[in-house]
Amino acid sequence: MSAADNKNSSYITDKEVSFKFDGKKYIGYEGDTIASALLRNNVRLVARSFKYHRPRGIYTCGIEEPNGIVQILNEHNEPNTRATVKQIYEGIRVSSQNCWPSLNLDIGSINNLLSPMFSAGFYYKTFMGPKGFWKRIYEPIIRRTAGLGKPPKEFRSKSIHQNHNVDIVIIGGGLSGLITARKLINTQYDVLLLEQDSFLGGILKNSKKIKRINNKEPNEWINETEKLIKDSKNIKILKNSLVTSYNFTNHLIALEDKSVGKKIDNNKSELTLHKIRTKHTILANGHIERFISFRNNDLPGVMLAASFEKYIHRYGVVPETSPVIFTNNSTTASLLKSLVDLGHKPAAYVDSRSKDKIGRKFLNYLEKNNIPFYINAEVEGCDGNKKIKTISIKKSNKIIKVKSSMLCISGGINPDIHLFTQSKGLVKWDDKLVTFKPDVSFQNTITLGSVSGNYNYEKTVEEINNKLSFFKTKNIKLKIELNDISNFNIKELWETKHERKSNWSKSFIDLHNDVTTKDLKQAVREGFDRIEHLKRFTTNSMGTDQGKISSINSLGIVSKILKKKISEVGTTTYRPPYAPLSFSAIAGRNTYEFYDPQRKTPIHNWHIENKAVFEDVGQWKRPWYFKKFEMESMHLAVQRESEQTRKTAGILDGSTLGKIEIKGKDSLEFMNLIYTNAFTKMKPMSSRYALMLGEDGMIKDDGIVCKFNDKHFIVTTTSGGAPKVLADMEEYLQTEWPHLQVYVNSITEQFSTFNISGPKSRDIVSKVFTDVDFSNENFPFMTFKVFDYMDTEVRIMRASFTGELGYEIYITPNKALELWKKIFHFGKAYDLVAYGTETMHLLRAEKGYVVIGQETDGTVTPLDLNFNWMIGKKKKDFIGKRSLTRSDTSRDDRKQLVGIIPIDKSEFIEEGQHVVESERLPKRITTPVEYLGHVSSSYHSPNLNHCIAMAMIKGGNKLMGSKLFVSSTYGTKNIPVEVVSPVFIDPENKRLLS
Amino acid sequence: MKKKYSIFTLIKNAFSNNENWQKMWKSPEPKKTYDIIVVGGGGHGLGTAYYLAKEHGIKNIAVIEKGWIGSGNTGRNTTIIRSNYLWNESAFLYDHSVKLWENLSQELNYNMMFSQRGVMNLAHNEHDIKEMKRRISANRLNGLDTQWLETKDIKRLVPIMNTDNLRYPVLGAAFQRRGGVARHDAVAWGFAMRADEMGVDIIQNCEVHSIKTKNGKVEGVKTSKGFISAKKVAVVASGHTSVLAKTAGVRLPLQSRPLQALVSEPIKPVINTVVMSNAVHAYVSQSDKGELVIGAGTDGYNSFTQRGGYDVIEETVRAIVELYPIFGKMKMLRQWGGIVDICPDASPIISKCEVKGLYFNCGWGTGGFKATPGSANVFAHTVANDEPHKINAAFNLERFSDGRLIDEHGAAAVAH
Amino acid sequence: MTQLLSSQGIDISQKNFQQIIIRGDGKDQFNEKINQEISTFPPSKNLEVTTNDKFIFAKNSFDQWSLIYLVEQDYKEILKFISKINSNDEILASDYSYGQVYFEISGENKNEFLNQLTHFDLRLKRFPAFTMAQTLIAKIDCTIYNLKDKYIVTCNKSYEDYFKERLKDSIKL
Amino acid sequence: MILINCPYCGERDQSEFSNGGEAHVARPENSENLNDKEWGQYVFYRDNPKGIFYERWVHSHGCRKWFNAVRNTSTDEILAIYKLNENPPSKESFTNTLKTPSGEPKVGSGNFTVKK
């Protein structure tokens, strides 16, 4: 008794392929899955179970497989691969999972002996004490024993995404799918046909249930149909494409495996994730056979009947020439017939149905071929060591033992409603079919064929013509002849009773997670009588197969315990994805080098040439500091840049600053509403530092406003804040103040910005822009000029973020680099230095300027920063005004901005540390220590040669001059500091206005 | 009688073929009236009932659950537990919770599998670093065990992490050792079992349609099983809280958003701590079963569908494979969504309201699970005494008028 | 113009166009003003694109137009035009000439190719010739003009390197 | 993923849009006359109904235009879209066309079921 070939299989070639399983070499045929190849080689033991490490064999022939889950060693050690789906190729190396030292001798199987203790949810009830043991002892052990496969190896996939927009999607290229496609050929509709297999045909190839279609052999008809579709202009076929998710408004996710049956080429995309948007979805994705629970229904050799049949016809392998067949329904008839037609003879046919249900016709057939059969009978269980030896059949309280190495079972078939429920369609229980089938669909979803609960193939055409009548297409005519001996009927049967009761005997309800029918009963006993509770408590159907062959069975069993109708117990949620979905496919190319775009300024390459170290600011790459020589540390570089800037001049690439152009009759009114400042009295061609609040009164952004006239402004924003500020302006204009005639455009990228500052900056710009008068009288602080230069337009603003004399230069990007170099050409004589964001931060801190997002954190008002002078008190309204007078925001003991310096000038204050009143902190802090606030900025000032810091502390304004302490990461001793004004350099603005 | 669980009871029951286990809780029909009705049978609600009975001696309580207990966010989150929050108010509240977590398995004699494997928050830019160092310093002064990790330390704890060869390099992390994960269902079941033992009625499959009030005082709730009167009503219904509040004429500053999570197929242990990253949006831990438990983001719109947008899943997964290149060969097993109620300041509301006898515990947003015992404990106190516990005093409704917000969004805009 | 890449049924080249974004109410006075300067009326139908050998003129939405010069103009002329337009208080014209990059994409596989990078529905029945759209391509904001036999795609200059790499990458795989 | 019909650009994937919360909340004219509570209501409180919701969207990755939508938050089905200057459709016009399921598991099960 062993496997045999079925030479007249339509699919398998006889091209030999060698592969390795657990180190041993085997030969299969091209087109074999790992499973079919192993069966061909009479390998029955392929895995160990999750919890009890029981021996397991191939149980199904597809995605629903609960047992045959393996590791692909030569594909970056990919774990948890379904042997029933993955095709072999020359040299593929496969290993079993979750066993040690070997599949055959697995120490873990000790758990099987202890299994009575490992009852459902046992881990909730023990491993609790003594305290701390869970973390140190129990959990590590449990973690090591749990888990399926070993971790994969690093692999940066090049999987791609492909978007589709179509009118109709057909899921499933089986009988119904193909007929539907034929109906839609050369119509106005764009159609996408998705088939999970590498060929079309479905049931037509998986069985011999159908004899002829329009007097043609099924294969002939399939080929004809495929050609018709290929020649059509409007239908596209995607093979090896499994639909995994059915989202809202007919958005589908399908995974195409482009390396079926071949080695993965790491430089190509091996997977394509299809994102499909369609008007109508047609589900023709068929059904899944379910099993029956009986003693040892997990023993290698037990297999679903339809899967057995699939192996015969698709893969040309008869896993066992004389198996026992155990069924409660009519679908197994075709398997029996297939065996007989191939000259094999089943060891026994066991049917729980009665004579009249089975039907005379089929009984005659059994007798004619003198097949030993038992009706009104059940399989009580099977026995054997790592493979079936004997099968115990129970008929009228007698046990008959039959010898066979395989047992083909069928507990009925379930419409594959996974995707349908994902779409939020409703299912209802059908007592005749003993299963759930689609009821009301929630989206534009149509189900056809067995997924709709129509198991009668002769009726398929009629069904399609009816359900698709609303499409503008002709009705289709097809004659379908069957091989089947009887029409579908079934007798409800979920579980057969054990003969002798033993604490060790098991009949499984979830093979993947090792859940037994006993566990279900215990769970219900403990009060978990709701199906979702049951699921969570027992982990039933929570495995990687999502209980495809068993979840309805568990409902059946529970309904019996609770003496309720199954429809009352409810069905369990099917959550996307339909089958485990590759992470790298989901990520596609939007990761690794393309995780997030890098935004670069026109000066970027110059920065690189000049040894800039970059900082990420949003998506922007900004020079953080420039290394003068390779070994120069950040600290040295920043000290150098800062010193040089105050000594002569420094320049910063500020191109990332947000820039917005604002124009319209009511621009002035708009500006007065958006910003806290008052702009009415502001002179044309002048600039002003401005603040923007949220309605909650908290500072949101700042920038400099350039006023051309009352109807035309240009403003800058923080680099990170730019998009948000523009969006907010648009929002207020469109939704709150449509009566204001104002337009705003982002011009961030239309101008590059350079900030040049330092005592020598005037000399330098005067040399660059020879015909501009930069004198204090004609170009005072906070004014700007626009003029032609280098065949483009340049805007220069006298402004400074360093406290030095400074100019902000705006020029179009195409000329930016040229100008930048020119400035350096003339700057050379003055040792002009390029500086980065860190120096910018240091210099502004010396001057006491704040940085939004550093001094502020979304909880700071202008008053907290002593920015009262920036608030247009006389203005009737502006965004956030009202919030400033709430009882909490108007407190005068809020956290306020102060400067602090260490009393011992040699000490350094760390950013982020807190300001306290005590000299020391306890070693272990048990009762919280009161603090006044935190240090928001801290730098070593090269120009003062000691540490300067800013802090936000409670009632800071009143604490000027007082002595406090700042905590330190270096120990319990706090640093004594003095509270001072945050302006450390040039308080009287001599440098600024020079 | 009190159920005792231990290795011995397991053995005992093993010999009786596991046929003598008792119900963990009864499922009684609701009485006409109760002293206190807790609306919402999640961890927070069941815990509230438990502490009311245990610490405040009130036994005439019903917990009313629309579905089955733990069916809401309790059973839908990524089970991360930590207390390293910036502001004192939050730090005290969440650490109160962590302290309760540390003894909960023993207290309830039910294994919460609270695993203090540490929680890491990664820093990916200068701004993150500044924000975290400030947080760590504040935590220290509040007696919390948060520490700064250099990249090499991170590598040692999570060798599979890609720290340098990515768009936003890992520059360091804030790490709280006492943080970790727990078994989410166990919390609901454990509280339910012990509350039930003390006489609390746990009523499932009973939907509260509205809260009945009369001249500014609560009278009871209208449910799918009829009207049930009560002296006090405590609402802990996460996403649906504001909907119920409205029926009592109370307006809450909440928005209900989908929050999604996903798990991978189980593999042998590869990541033994919890890693969170905001810039590269990815929260990961590995369950004892071996599944990677991954938290995604919230969608930007209100929804009660328990189903978010697919793009949010993609955003998270692409971050995961960026941060952990070996996960490229992993597969997503399940994905699901919950409905979280979000407050303007990203802090919860545990408060009385203008209606006498009506209390709310809501606004936990994406971070409610970690707070389960703590929130339940102080809420029970608030309901029992009609007065907040000092730990939750600041989490009142008034703050949205006077401006005393507890803004846990973290620092706002990026620097110049 | 520089040929970027050319592969099975898909050709991409980078162009140096100049552009102006014009905001206004689209009423007679507005149209007249524009017409005076470039002797063409701005397209009146939303998303409509009018084009000749010199420029593309498209209506992005009810109050925004983009004018793209296909043949390089003297920049001074463009600035002059902008200042003339802006002399009218109720119109805002912003120069976009050098802050954007432009790509011309043609070939019979251009839709399938672009749909690797965008979910946008490029089918002729949803995206007719001589219309435009603003959408996400490769995760960044882009504008795409359908000129029947080819598309013009434009995005911010700071994304230039990234966007080119994405295009090349998609062709490769 | 929701498909949103931008009144200016046509049907686009939701990922191109940003949501603006409750619609028709006018910014108070004379905020100085409001007390803290009233002002707080405007700043922090927005409607959050389960069912019919009048809300705002902006096509942030497209034309950057704002518009209003009526959405059933228990199913995410968009019932109507209208421009800012158009009048909102009446609630009544939807109540009978409302498509269930509520979008949540039916009590006691994980199945999506219609309240019939």
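Each chain gets a letter, A, B and so on, in the order its sequence line appears, and its residues count up from 1.
- Residues from residues 311-321 of chain B that place a non-hydrogen atom less than 4.5 Å from a non-hydrogen atom of chain D comprise B/Asp311, given in numerical order.
- Judged by distance alone, with hydrogens and angles left aside, the side-chain atoms of B/Gln255 form no donor-acceptor pair with the main-chain N or O of D/Gly21 at under 3.5 Å.
- Side chains of D/Gln41 and B/Arg251: a donor on one and an acceptor on the other come within 3.5 Å.
- Put simply, CD on D/Gln14 and CG on B/Asp299 are 6.0 Å apart, with the number rounded to the nearest 0.5 Å.
- Shortest non-hydrogen contact noted between D/Asn48 and B/Gly239 is ND2-O, 4.4 Å.
- The pair D/Asp47-B/Lys246 meets the salt-bridge criterion, since a charged nitrogen lies less than 4.0 angstrom from a carboxylate oxygen.
- For D/Glu22, the part lying under 4.5 angstrom from a heavy atom of chain B is the side chain only.
- Ranked by non-hydrogen atom pairs under 4.5 Å with chain D, the options B/Asp341, B/Leu252, B/Asp402 are led by B/Leu252.
- Between D/Lys50 atom NZ and B/Phe304 atom CZ the span is 7.0 Å, to the nearest 0.5 Å.
- Around NZ of B/Lys225, the count of heavy atoms belonging to other residues, nucleotides or ligands within 6.0 Å exceeds 12.
- The contact list for residues 58-65 of chain D toward chain B, using heavy atoms and a distance under 4.5 Å, is empty.
- For chain B, the nearby parts of D/Ser15 are the backbone and the side chain; heavy atoms of each come within less than 4.5 Å.
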Tell me, with the steps shown, if B/Asp345 and D/Phe44 meet side chain to side chain contact (heavy atoms under 4.5 Å, CB included). CA-CA 9 Å; B/Asp345 59 354; D/Phe44 298 114; over 6 Å; no

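- Between atom CD of residue B/Glu354 and atom NZ of residue D/Lys37 there is a gap of 5.5 Å, rounded to the nearest 0.5 Å.
- Counting heavy atoms from C-beta on, the side chains of D/Val43 and B/Phe400 never come closer than 4.5 Å.
- For B/Ser303, the parts sitting under 4.5 Å from any heavy atom of chain D are the backbone and the side chain alike.
- The closest side-chain donor-acceptor pair between D/Thr73 and B/Asn302, if any, does not fall under 3.5 angstrom.
- The choice from B/Ser224, B/Gly300, B/Ser71, B/Pro258 that makes the most heavy-atom pairs within less than 4.5 Å of chain D is B/Gly300.
- Expressed to the nearest 0.5 Å, how far OG of B/Ser242 lies from OH of D/Tyr45 amounts to 12.0 Å.
- With a 4.5 Å cut-off on side-chain heavy atoms, B/Tyr301 and D/Phe17 do not count as touching.
- The distance from the CG atom of D/Asn72 to the OG1 atom of B/Thr305 is 10.0 Å, given to the nearest 0.5 Å.
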